[in-house]
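Only this structure's heavy atoms are used, side chains among them; waters, hydrogens and symmetry mates stay out. Here is how names work: the chains are called A, B, and so on, in the same order as the sequence lines, proteins then strands, and each is numbered from 1.
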2 protein chains.
Amino acid sequence: MTDPELRYQAILEKIQQRGGRLTSHRLALLRLLAVSEGHPNAARLYEELRAQFPTISRATVYKTLAMLKEAGEVLEIELHNDSHYDGNKPFAHPHLVCTRCQRILDGDELAPLQNIGQQIARQYGFLVEREQVVFYGLCPDCQKTPEA
Amino acid sequence: MTDPELRYQAILEKIQQRGGRLTSHRLALLRLLAVSEGHPNAARLYEELRAQFPTISRATVYKTLAMLKEAGEVLEIELHNDSHYDGNKPFAHPHLVCTRCQRILDGDELAPLQNIGQQIARQYGFLVEREQVVFYGLCPDCQKTPEA
DNA sequence: TAATAATCGATAATCATTATTTATAGAGTA
DNA sequence: TACTCTATAAATAATGATTATCGATTATTA
């Protein structure tokens with residue numbers, strides 16, 4: 001895990017390079033993405049931002065996220081009608097979603113998935129550009145506690 | 001690929017076992033799922049059904065799909081805000097989605113993904129219940145033809 | 001056949017997301 | 001500094017997939 005402050009600076013500089021404006025709304029959103037441990041969704045980000053900026057709109061959140069995704073500084077984890085965002089590791093990697101506590105764990109370091117693109121090309125002649133790999137189940141914590 | 005007629009009968013019997021009713025709307029939807037080559041989405045199914053049943057509603061399509069999914073007779077391929085359905089292979093398997101022609105190919109037979117659940121359990125202590133593995137890119141056909 | 005219970009399906013609502021419009025920041029000029 | 005002009009940000013309004021609700025319909029049992 002990179003230092004949140006460094007990550008924040010990196011995203012910030014990328015936006016400046018691209019000629020994007022750094023408004024107070026955007027700065028706050030960047031900070032949330034860089035600092036937040038988890039993988040928030042748009043609704044969560046909106047709620048947290050509203051505490052500071054009561055007038056902010058959802059569209060601003062979505063547009064900024066789209067811009068950051070376009071810039072390659074944020075990864076969208078496409079869950080059914082509820083995308084979450086990863087501002088710390090903006091490259092494709094598997095995710096483990098707990099169906100009980102809703103936590104999202106990073107599942108990189110899974111060897112079989114490392115060169116899967118090559119195998120898909122060999123086996124199906126299909127050229128992979130982007131992937132979305134999600135495993136749903138129970139995280140270690142929730143396995144310990146019996147069903148609510 | 002199983003014989004479409006057999007598949008149709010299998011789904012039909014499963015619904016009866018569960019005490020579900022077999023209305024004309026439902027029968028037509030089942031037939032589409034069993035016979036259709038591809039992986040239609042709700043909108044597509046709705047359009048095709050409307051040709052036969054002008055009064056059918058989208059809700060009927062969604063409800064029937066939900067019931068079939070619950071019964072394990074249909075697999076939902078959760079694409080960003082546009083789920084598609086697989087009535088032929090209702091078990092988890094990877095999909096290859098062409099970003100140009102939108103076709104969805106089945107990507108089973110990928111060896112690395114066969115026992116991935118075990119590795120996830122070993123490596124992360126995470127118990128996989130369900131997976132959603134999608135690779136986006138160019139299908140063989142679209143690679144041959146230059147960009148439109 | 002009549003009463004009862006369960007499911008079906010249409011309308012209307014919801015919610016995430018996006019298109020369009022409006023506001024604002026900042027550059028350049030006098 | 002004051003004043004345009006232009007580009008981008010942010011808000012409002014719209015869209016579209018999905019779901020909740022509830023009357024209608026069908027099956028079941030007596």
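In this structure, the CD atom of B:Glu47 is 14 Å from the C1' atom of D:dA17, given to the nearest Å. Rounding to whole angstrom units, CG of residue A:Leu49 and P of D:dA9 are separated by 16 Å. The nearest whole Å value for the distance from the CD1 atom in B:Ile77 to the C1' atom in D:dA17 is 17 Å. What separates CG of A:Leu65 from P of D:dA9 is a distance of 14 Å, to the nearest Å. Atom CG of B:Leu29 and atom P of C:dC8 are 12 Å apart (whole Å). When the P atom of D:dT18 is taken as reference, atom NZ of B:Lys69 falls 11 Å away, rounded to whole Å. Between B:Leu22 atom CG and C:dG9 atom P the separation is 11 Å, expressed in whole Å.
A continuous path of ILVMFWY side-chain contacts below 4.5 Å connects B:Val133 to B:Ile116, so both sit in one hydrophobic cluster.
The two residues A:Gly72 and A:Pro90 make their nearest non-hydrogen contact at O-CB, 3.4 Å. Here the closest non-hydrogen pair linking B:Ile77 and B:Gln132 is CA-OE1, 3.5 Å. Nearest heavy-atom pair across B:Phe126 and A:Val97 is CZ-O, 3.4 Å. Minimum heavy-atom separation, A:Pro94 to A:Leu113: CG-CD1, 3.5 Å.
By the neighbour-count criterion of 12 heavy atoms within 6.0 Å, atom CZ of B:Arg18 is densely surrounded, having more than that number from other residues, nucleotides or ligands.
Other residues sharing the hydrophobic cluster of B:Leu127, ordered by chain and number and joined by side-chain separations under 4.5 Å: A:Leu138. A:Leu22 belongs to a hydrophobic cluster whose other members, connected by ILVMFWY side-chain contacts under 4.5 Å either directly or through intermediates, are A:Tyr8, A:Ile11, A:Leu12, A:Ile15, A:Leu27, A:Leu29, A:Leu30, A:Leu32, A:Leu33, A:Leu45, A:Tyr46, A:Leu49, A:Phe53, A:Ile56, A:Val61, A:Leu65, A:Met67, A:Leu68, A:Val74, A:Tyr85.
Residues in residues 67-79 of chain A take part in these salt bridge (Lys or Arg N to Asp or Glu O under 4.0 Å) pairs, two or more places apart or across chains: A:Arg7-A:Glu73, A:Lys14-A:Glu73, A:Lys69-A:Glu76, A:Glu78-A:Arg130.
Comparing the start and finish of the helix from C:dT1-D:dA30 to C:dA30-D:dT1, five pairs each, the helix axis swings through 10°, to the nearest 10 degrees.
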| field | Base versus backbone protein contacts along nucleotides 10-17 of chain C [heavy-atom cut-off under 4.0 Å; B, S, -] | value | BB----SB
Every protein N/O lying under 3.5 Å from an N/O of nucleotides 25-30 of chain D:
{"unit_1": "D:dT26", "atom_1": "O2", "unit_2": "B:Arg21", "atom_2": "NH2", "d": "3.3"}

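Residues B:Pro40 and B:His84 are not in side-chain contact: their nearest non-hydrogen atoms beyond the backbone lie 4.5 Å or more apart.
A donor-acceptor pair shorter than 3.5 Å can be found between the side chains of A:Asp106 and A:His39.
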